[in-house]
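Down below is the structure, laid out as structure tokens.
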Amino acid sequence: MTDSSARARSVSIIVPTLNEEENIAPLVSQITACAVPFREILFVDDHSTDATRAEIHALEGTDPIRLIEQNAADVGLAGAIMSGARAAEGEILVVMDADLSHPSDRIKDLLAPLFANTADLVVGSRYIKGGSTQGWPMWRRIVSRAGAALAYPLTGPHDSMCGFFAIRRCRLLELAPETSGFKIVFETIVRANGTLRVREIPIAFRERMRGKSKMSLGIALRFFFHWLQAMFQHLFCGVGYRQEREKLASLSETLQHEAPGK
């Protein structure tokens, strides 16, 4: 087996979906156009009420695509990612949004440090040199940057809140809980307690072009203030952190259902 074919067999791309019928075909086209080495694109759908699942099924005959249908109550984004991780056949996982906000042409750069065994987790960062958040209103930039800044002392990366990343499957299953109120990257790094080699690459995060996001300033601020409470609990109170984390988990899952694709 050649090195390139071995790499292709080792990568599973996980894409959580919720009412993204307009974005499925363009996303698959973007990924395949980049000649990214991958074994499968694994869509994990969480109660879509539009034609998302039909769009995915329509592409299964021409591309290496699988669909996991999540029909249990209150699965949420984190639960969908972990379901995909457990079902994936690849040794390396790439996680990205379905709304075309994450640049598919950067997947190769996410994978390179993992192939070279110089990193265990590679994060697409909006907040290092070369990164950006195109088209965001000022309130959204402020809330997002503040959340990332709060996480920085605990994690090291400048953007542990981003959902575009690559990680060895065994490490994610080992470190991340089945469901989580926090962003998966943040929680995985914290739980690793310094044993995870983390790299960041800059990405230009794009605002969705198709479909509708229900993100609002009110929802974002609610999440941010609960996040702030959780950080203080974690740093200074220890035991109380668990209770605040449970509150944040509930709010985070609500946010993911109210504002798919961020």
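This one's a predicted model, so the numbers in the text were calculated from it and none came from an experiment. When a residue number appears, it is its place in the shown sequence, counting from 1. In what follows, every heavy atom counts, from backbone to side chain, and hydrogens, waters and symmetry copies are set aside.
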Looking at every non-hydrogen atom in both residues, tell me the closest pair between [X] and [Y] and how far apart they are.
X    : Y    : answer
S104 : Q30  : OG-OE1, 3.5 Å
A166 : L111 : CB-CD2, 4.4 Å
E40  : E89  : OE2-N, 2.8 Å
E21  : E55  : O-CG, 3.6 Å

For [Y], does its backbone N or O pair with a side-chain atom of [X] as donor and acceptor, under 3.5 Å?
X    : Y    : value
T32  : S29  : yes
S132 : A204 : no
D99  : S101 : yes
N19  : T49  : yes
S12  : G90  : yes

Next on the checklist: Under the rule for ring-ring contact (aromatic ring centres under 6.0 Å, His included), what residues qualify as partners of F165, not counting sequence neighbours?
Outcome noted: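 Listed in chain order: nothing, the list is empty.
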For the hydrophobic clusters of this structure (ILVMFWY residues joined by side-chain heavy atoms under 4.5 Å, transitively), does one cluster hold both [X] and [Y]?
X    : Y    : value
F186 : I128 : no
F115 : F38  : yes
L59  : I31  : yes

Item to check | Working for side-chain contact (heavy atoms from CB on, under 4.5 Å), residues R191 and L196 | outcome: CA-CA 9 Å; R191 289 168 65 90; L196 207 61; over 6 Å; no
Next on the checklist: Is a donor from one side chain sitting under 3.5 angstrom from an acceptor on the other, for S48 and R53?
Outcome noted: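 The answer is no; no qualifying pair exists.
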Item to check | Inter-residue atom distance I184.CD1 - I167.CD1, 0.5 Å rounding | outcome: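 It is 9.0 Å, given to the nearest 0.5 Å.
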Checklist entry - Tell me the salt bridge (Lys or Arg N to Asp or Glu O under 4.0 Å) pairs involving residues 153-176, sequence neighbours left out? => result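 Every salt bridge (Lys or Arg N to Asp or Glu O under 4.0 Å) pair that includes a residue of residues 153-176, provided the two are not neighbours, is R126-D159, R171-E174.
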Checklist entry - Between L110 and I201, does a side-chain contact (heavy atoms from CB on, under 4.5 Å) hold up when you go through it step by step? => result CA-CA 7 Å; L110 286 180; I201 65 164; 3.6 Å; yes
Just jot down the side-chain hydrogen bond (donor to acceptor under 3.5 Å, both in side chains) partners of [X], sequence neighbours excluded, or say none.
X    : value
D109 : R106
D50  : T52
N117 : R197

Item to check | Chi angles and distances behind the side-chain contact (heavy atoms from CB on, under 4.5 Å) call for D63, I41 | outcome: CA-CA 8 Å; D63 294 287; I41 303 174; 5.8 Å; no
With a cut-off of 3.5 Å and sequence neighbours excluded, list every side-chain donor-acceptor pair involving residues 149-158.
| unit_1 | atom_1 | unit_2 | atom_2 | d |
| --- | --- | --- | --- | --- |
| T155 | OG1 | A151 | O | 3.1 |
| H158 | ND1 | E200 | OE1 | 3.2 |

Next on the checklist: I want to check something: taking the side chain as every heavy atom from C-beta on, are M161 and V185 in contact at a cut-off of under 4.5 Å?
Outcome noted: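 No, side chains not in contact.
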Checklist entry - Does any non-hydrogen side-chain atom of L100 lie less than 4.5 Å from one of P26? => result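 A side-chain contact exists here, since the closest heavy-atom pair is under 4.5 Å.
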Checklist entry - Can R66 and F43 be said to form a side-chain contact (heavy atoms from CB on, under 4.5 Å), step by step? => result CA-CA 6 Å; R66 284 199 289 150; F43 288 98; over 6 Å; no
